2 protein chains.
Amino acid sequence: MATGRTHRPATRSRGIPEATVARLPLYLRALTALSERSVPTVSSEELATAAGVNSAKLRKDFSYLGSYGTRGVGYDVEYLVYQISRELGLTQDWPVVIVGIGNLGAALANYGGFASRGFRVAALIDADPAMAGKPVAGLPVRHTDELESIITDNGVSIGVIATPAGAAQQVCDRLVAAGVTSILNFAPTVLSVPEGVDVRKVDLSIELQILAFHEQRKAGEETTSAQEPAAAAQPRSGAAVRTPAGGRAAGKGPDGDVPAVMPA
Amino acid sequence: MATGRTHRPATRSRGIPEATVARLPLYLRALTALSERSVPTVSSEELATAAGVNSAKLRKDFSYLGSYGTRGVGYDVEYLVYQISRELGLTQDWPVVIVGIGNLGAALANYGGFASRGFRVAALIDADPAMAGKPVAGLPVRHTDELESIITDNGVSIGVIATPAGAAQQVCDRLVAAGVTSILNFAPTVLSVPEGVDVRKVDLSIELQILAFHEQRKAGEETTSAQEPAAAAQPRSGAAVRTPAGGRAAGKGPDGDVPAVMPA
DNA sequence: ATGCCTTTGTGAACGCGTGCACAAAGATGG
DNA sequence: CCATCTTTGTGCACGCGTTCACAAAGGCAT
């Protein structure tokens with residue numbers, strides 16, 4: 001759910017649905033694992049299981065990229081890795097800056113998943129002068145004053161914000177002004193950006209809150225109706241990401257707590 | 001309109017759409033900020049702006065919770081904070097364990113967004129004996145051996161996995177076996193869990209990859225029309241394959257290597 | 001070659017989420 | 001008490017995403 005972008009999927013022939021784009025990295029990871037095990041080809045069924053999705057969905061996703069499979073056989077692993085990488089733009093080098101080198105920023109700087117996917121941490125930036133020069137993940141922390149020059153000098157177009165909420169918008173503005181057009185925001189704030197700038201938000205506490213909701217619902221169901229629709233036998237469905245279809249649905253309230261009292 | 005059997009119970013059937021649940025924390029955050037500023041009431045339009053969503057969507061979301069607004073006035077901030085908190089299950093205490101105290105685990109342990117929302121870090125767990133006892137975020141790190149007892153003793157039902165990918169499934173199995181029914185997974189792996197266990201995944205590199213996709217497309221749009229190599233270019237099986245450490249020279253351009261290693 | 005078997009690619013149906021637009025509900029002022 | 005104004009709550013339509021189901025395509029054995 002990127003905020004920020006408001007216009008058409010544009011590219012008519014190349015109109016890959018957003019939902020599909022979001023799954024491509026998933027496929028890529030599964031394919032990379034297969035590649036390392038020197039598996040030459042893989043069927044949509046196998047790959048779908050490995051990625052935790054439905055096989056029909058996977059085939060349709062791939063169909064947006066082109067016809068890269070062979071009927072009766074499956075997909076060539078290496079070829080598909082290349083195609084998806086290219087589609088995602090991972091065949092080129094993406095310099096990124098991380099702003100806000102606290103616990104989270106340091107964790108991000110050390111995160112192996114970046115470098116291995118074409119992302120190169122161009123610089124770590126922090127507002128604290130005491131941090132300046134201190135090495136984190138092998139890079140010296142730079143002061144915020146240098147933000148603009150770092151971005152222009154390195155041609156950075158992707159910025160990661162890991163600052164406290166209060167500083168996020170200001171940092172965002174400076175990043176955008178300096179030329180950044182994609183932002184990954186870890187600060188718990190709604191960033192406002194001009195047209196043409198993409199923002200993706202990752203909010204750790206929101207994820208937990210969503211889990212708490214479902215957890216509460218599960219706890220409530222035990223006490224009321226043990227009657228569970230018990231969707232078709234699905235022995236060990238891998239994923240469970242996002243609405244697993246057979247999951248909740250016919251819920252029924254936990255228990256009848258209907259307090260009409262206003263605490264205010 | 002809700003899902004499931006349409007009785008017409010005076011109490012609303014709890015068929016809250018998943019998309020709505022995912023936005024409730026967003027509203028809650030905006031409302032909390034208003035509450036701290038002692039704002040008594042807020043209109044759907046104002047709150048929607050603060051939360052970064054459409055006002056109609058916000059009203060519809062709230063309608064699933066009940067009619068908590070006053071026409072012509074808006075919503076009572078305090079009351080709404082309470083209602084959403086209750087709906088999300090944040091009015092109770094949720095003990096959580098964090099497994100894998102690396103950079104990310106430590107960042108999570110220090111993350112303020114947890115404690116302030118009803119989540120209490122019951123324990124930090126790591127497999128490294130050298131970490132045991134070492135204080136992180138004010139808590140002593142416990143060894144993995146204690147995992148089961150910690151969970152049962154504290155009644156933990158939510159677990160956070162911040163281990164390397166290789167250990168994630170094993171940790172997950174142990175968490176589930178010990179009674180955890182909700183898992184927030186930061187490891188880049190598809191976890192397989194039995195029916196009834198919720199898994200939410202946060203993948204830092206996937207978010208960046210999605211940004212890269214849009215970034216690449218933006219860059220391509222500038223030059224107007226796709227200079228994209230029409231799909232036919234690549235020979236089926238032979239070529240494509242990873243160019244070991246190929247050029248990438250000029251930075252831009254659809255060639256270069258393919259990431260060979262999974263992120264740790 | 002021919003026929004069988006496997007697996008892809010996709011047309012079509014369905015369901016969910018989103019946003020518009022408006023009537024109903026309540027506040028407010030005269 | 002009535003008129004007017006504001007804002008909610010929601011019916012409806014539309015578009016996207018998901019899933020099913022199957023014909024077409026290719027491999028393989030005979």
Side-chain angles (χ1 to χ4, degrees), chain A residues 1-3 5-10 12 15-24 26-27 40-49 51-77 79-80 83 231-232 234 237 239 241-251, chain B residues 1-4 6 8 12 15-24 26-27 40-49 51-77 79-80 83 231 236-237:
Chain A
M1 56 188 72
T3 5
R5 83 180 348 281
T6 346
H7 50 284
R8 289 293 64 186
R12 53 202 199 294
I16 302 178
E18 195 60 28
T20 295
V21 173
R23 279 188 294 267
L24 289 182
L26 221 57
Y27 302 145
T41 62
V42 64
S43 72
S44 64
E45 197 65 51
E46 294 169 310
L47 185 54
T49 303
V53 302
N54 181 295
S55 70
K57 193 188 297 184
L58 178 142
R59 287 198 299 277
K60 178 145 289 189
D61 283 341
F62 286 175
S63 78
Y64 292 118
L65 307 184
S67 294
Y68 295 149
T70 304
R71 299 177 188 226
V73 176
Y75 299 90
D76 183 287
V77 172
Y79 185 53
L80 207 45
Q83 288 299 341
Q234 198 168 359
S237 157
V241 205
R242 302 282 160 104
T243 64
R248 45 224 45 128
Chain B
M1 67 176 14
T3 36
T6 32
R8 203 54 124 136
R12 55 208 84 278
I16 302 181
E18 195 60 28
T20 295
V21 172
R23 281 188 294 268
L24 290 182
L26 221 58
Y27 303 145
T41 62
V42 65
S43 72
S44 63
E45 196 65 50
E46 294 169 310
L47 185 54
T49 303
V53 302
N54 181 296
S55 71
K57 192 187 298 184
L58 179 142
R59 288 198 299 276
K60 181 150 292 190
D61 283 342
F62 286 174
S63 79
Y64 292 119
L65 307 183
S67 294
Y68 295 149
T70 303
R71 299 177 188 226
V73 177
Y75 299 90
D76 182 287
V77 172
Y79 184 52
L80 207 44
Q83 289 298 340
R236 276 300 336 255
S237 43

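All values below were derived from every heavy atom in this structure, side-chain atoms included, with hydrogens, water molecules and symmetry-related copies excluded. In what follows, every chain begins at residue 1, and chains take the letters A, B, ... in the order their sequences are listed. In this text the structure is predicted, and so the values were computed from the model without any measurement.
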Just the rounded figure in Å: distance from [atom2] of [N] to [atom1] of [X].
X       : N      : atom1 : atom2 : result
B:Asp76 : D:dT7  : CG    : P     : 16 Å
A:Arg23 : D:dG17 : CZ    : P     : 9 Å
A:Glu18 : D:dG17 : CD    : P     : 8 Å
A:Lys60 : D:dT19 : NZ    : C1'   : 9 Å
B:Tyr64 : C:dG17 : OH    : C1'   : 8 Å
A:Tyr27 : C:dT8  : OH    : P     : 13 Å
B:Ile16 : C:dG17 : CD1   : P     : 12 Å
B:Leu58 : D:dT10 : CG    : P     : 14 Å

Checklist line | Protein-to-nucleotide contact annotation, 5' to 3' order, nucleotides 22-30 of chain C [B base; S sugar-phosphate only; - none; under 4.0 Å, heavy atom] | finding: --BB-S---
[X] side, atom [atom1]; [Y] side, atom [atom2] - distance, nearest 0.5 Å:
X       : Y       : atom1 : atom2 : answer
B:Leu80 : B:Thr41 : CG    : OG1   : 11.0 Å
B:Lys60 : B:Asn54 : NZ    : CG    : 10.5 Å
A:Tyr75 : A:Leu58 : OH    : CG    : 6.0 Å
A:Tyr27 : A:Leu47 : OH    : CG    : 7.5 Å
B:Lys57 : B:Ser44 : NZ    : OG    : 13.5 Å

Check: What's the shortest heavy-atom distance between A:Ser55 and A:Ala48, and which atoms?
Finding: CA-CB, 3.5 Å
Under 4.0 Å from OP1 or OP2 of [N]: is there any side-chain N or O of [X] that close?
X       : N      : result
A:Ser44 : C:dT8  : yes
B:Asn54 : C:dC20 : yes
B:Ser43 : D:dT7  : no
B:Lys57 : C:dG19 : yes

Check: For DNA chain C, which consecutive runs of 3 or more Watson-Crick or G-U pairs (each distance under 3.5 Å) count as stems?
Finding: C:1-30 with D:1-30
Side chain of [X] - closest among [options]:
X       : options               : result
B:Pro17 : C:dG17, C:dG9, C:dG19 : C:dG17
B:Ser63 : C:dG9, D:dT19, D:dG9  : D:dG9
B:Ala19 : C:dT18, C:dC20, C:dT8 : C:dT18

Next item on the list: Mind running side-chain contact (heavy atoms from CB on, under 4.5 Å) on B:Thr20 and B:Arg23 for me, showing each step along the way?
Entry: CA-CA 5 Å; B:Thr20 295; B:Arg23 281 188 294 268; 3.9 Å; yes
Notebook entry, point to check: So what does B:Tyr75 touch, heavy atoms closer than 4.0 Å: a base, only the sugar-phosphate, or nothing?
Noted result: sugar-phosphate
Note to self: Determine whether A:Leu65 and A:Leu24 satisfy the following criterion, side-chain contact (heavy atoms from CB on, under 4.5 Å), listing intermediate values before the conclusion.
What the structure shows: CA-CA 10 Å; A:Leu65 307 184; A:Leu24 289 182; 4.1 Å; yes
Note to self: Between A:Tyr68 and A:Phe62, is the ring centroid distance below 6.0 Å?
What the structure shows: no
